[in-house]
2 protein chains.
Amino acid sequence: MQHSAPSFREFSDRFRSLETTLSRELFREHRDQMRVKKEETAAENLRRIIDATLRLANRKGFQSMSLRDLSAETGLSAGGLYAYIRSKDDLVRLIQRHGVALTLRSLEDAIAAADGPRDKLRAAIRAHLFLTETMQPWFYFSYMEAKNLPRRETREAIRSEVAVEELFTGIIRAGQARGVFRNGDPQLLAGMIKALLQDWYLKRWKHRQRNVSVECYADAVQNMVEHAVLVPPYDEAPAAAHNATCEEG
Amino acid sequence: MQHSAPSFREFSDRFRSLETTLSRELFREHRDQMRVKKEETAAENLRRIIDATLRLANRKGFQSMSLRDLSAETGLSAGGLYAYIRSKDDLVRLIQRHGVALTLRSLEDAIAAADGPRDKLRAAIRAHLFLTETMQPWFYFSYMEAKNLPRRETREAIRSEVAVEELFTGIIRAGQARGVFRNGDPQLLAGMIKALLQDWYLKRWKHRQRNVSVECYADAVQNMVEHAVLVPPYDEAPAAAHNATCEEG
DNA sequence: TTGTATCGAACGAACGTTCGCTATATGGTT
DNA sequence: AACCATATAGCGAACGTTCGTTCGATACAA
């Protein structure tokens, strides 16, 4: 059966449950590293700290963000912060871990739900864009601060990135094997697709300024990739279900 | 007349003269801000400082790089550095200024030398890749540290980025007007092309590890872009003049 | 009264930057 | 050629500031 491309709204709903699950997992993992016992206040403040860190670090860089800045942004005192984190490095570790699992899981689910290389490719593209849309601050942080991370986390970030790219490589290989996709180096193609996908969260300010929605960008990427990858003749992709104003002058 | 796509070697030769010219301009601009009078030693040490800064900052971030690190890397003492720069901020300004002019100039020259939208697009893609290949450390630095720059330089960096994108937008518009290029939002297309181009210097470690040369990547980008942008039927681009082993397994 | 969450002053380390000093090169005078 | 006077390149200890982090005091809840 042919799936129509999932919309951002549909993704958001499915995503919410996955996120709370993983968020709870993360909290339980780090419960023993916090000095705060009551779950309610602990969870709330931890989230506040993470959000504030992403906000500050994405504005001026993680190294430039002092714990006094973070203290002011969260409303907690300098000493109070240390009831939740062991150190500044621990904070960056905490944030990094939070997202890595989510990415792979989310992408793999989306791919598994689609049938055939073309639909799998579409699903992967959309899932990646929708995921990075919902967690843009995290992805931006993870990309920009990757080289400032502790050794272990840097490696993990790179491995995660490679894994995502290999998901695309696999889809392309399968499509080529079935004769649906044109020949060409699958690794190189996958890398270029990922470059297009990453641009969405790296230059989000630009896209927002131009009123380009995720759905709109997803269509554009899908179009470019399919033009490059499908064997001709290429039937133009059907307009997506959303009523975006993508291409008006 | 139909130009064959210029090779990286050809670009390098043309580039060298342009670089020494601008490098000298930069030096003369900052001569009055240095305490060192003799041109020979001043120029050599200034270059050493800039190179070391790019090396260190690209490894661990500009903020994390201390002037003591820089002192060790350059062989100059901490105090000695201040004969060449006014402050750490001044250093980042100096580096930033060095490259901005170069980018636009180089691209505009390449575009002007080509005839017709398709050749102009090819020329722009290749020029951008070749330029960022020769000055990869600078471009990486400029991208990663953009938000840590002083206010004025941040603006300048953004303006430069927008200007580059507009060069591509212009080419696409011209091609669409002539009926050579398929319809589609030119800004969105230009943005995606730029994403592909930036990936070259942002993920250079990956490409190097996979033995992908610039020429090879240039062909791949050109192919994908032309597939997406040309009106069909699309005649496959001729193999470039270089003897790269792009697609062997 | 006991336990917990939060505070803010305080500490040592590391940072950017300054400054008085030394070593070396330069150039005019004997 | 030998000498001194002067200017300059470079050094590294030291300064004040800011950083991450600690810790005893405090406020509040049970």
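Numbers restart at 1 for each chain; the letters A, B, ... are given by sequence-line order, proteins then strands.
End-to-end axis angle of the helix from dT1(C)-dA30(D) to dT30(C)-dA1(D), using five pairs per end and rounding to 10°, comes to 10°.
Minimum interatomic distance between S71(B) and A78(B) (heavy atoms only, all atoms of both residues): OG-N, 3.5 Å.
For the pair S160(A) (side chain) and E156(A) (backbone), a donor-acceptor distance under 3.5 Å is absent. Here the side chain of S106(A) pairs no donor or acceptor atom with the backbone of T103(A) at under 3.5 angstrom. Checked by atom type and distance alone, the side chain of T154(A) pairs as donor or acceptor with a backbone atom of P150(A) at under 3.5 Å. Without hydrogens or angle criteria, D13(B) side chain to E10(B) main chain gives no donor-acceptor distance under 3.5 Å.
Using a 4.0 Å heavy-atom criterion, one finds that R35(A) contacts the bases of the nucleic acid, with or without backbone contacts as well.
For the OP1/OP2 pair of dG10(D) and a distance below 4.0 Å, the side-chain nitrogens and oxygens of N45(B) include at least one atom meeting the criterion.
Following rounding to the nearest Å, K37(B) (NZ) and dA9(D) (P) show an atom-to-atom distance of 7 Å. The interatomic distance linking D90(A) (CG) with dG20(D) (C1') rounds to 13 Å, in whole Å. Atoms CZ (R86(A)) and P (dT22(D)) sit 11 Å apart, rounded to a whole Å. Look at CG on L76(A): it is 12 Å from P on dA5(C), rounded to the nearest Å. When rounded to the nearest whole Å, the span between OH of Y84(A) and C1' of dT22(D) equals 18 Å.
Between R48(B) and E73(B) there is no salt bridge, since none of the side-chain N atoms of the basic residue sits less than 4.0 Å from a carboxylate O of the acidic one. We find that R97(A) and E29(A) are not joined by a salt bridge, their nearest charged nitrogen and carboxylate oxygen being 4.0 Å or further apart. Between D69(B) and K60(B) a salt bridge is recorded (basic side-chain N to carboxylate O distance below 4.0 Å).
For the residue pair Q96(A) and S142(A), a side-chain donor N or O sits within less than 3.5 Å of a side-chain acceptor on the partner. Side-chain contact check for Q63(B) and K88(B): no donor-acceptor pair (N or O, by modelled atom type) lies under 3.5 Å. No hydrogens or angles considered: nothing links the side chains of D219(A) and Q222(A) as a donor-acceptor pair under 3.5 Å.
For D90(B), the side-chain hydrogen bond (donor to acceptor under 3.5 Å, both in side chains) criterion is met by no residue, not counting sequence neighbours. For Y201(B), the ring pair (Phe, Tyr, Trp, His ring centres under 6.0 Å) partners at least two apart in sequence or on another chain are F139(B).
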Protein and nucleotides 21-28 of chain C: nitrogen or oxygen contacts under 3.5 angstrom:
none

List every contact pair, protein side and nucleotides 13-16 of chain C side both N or O, where the distance is under 3.5 Å.
| unit_1 | atom_1 | unit_2 | atom_2 | d |
| --- | --- | --- | --- | --- |
| dG16(C) | OP1 | K88(B) | NZ | 2.9 |
| dG16(C) | OP2 | L67(B) | N | 2.8 |
| dG16(C) | N7 | R68(B) | NH1 | 3.0 |
| dG16(C) | O6 | R68(B) | NH2 | 2.9 |

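Taking a 4.0 Å limit (strictly below) on heavy-atom distances, residues 48-60 of chain B does not reach DNA chain C anywhere.
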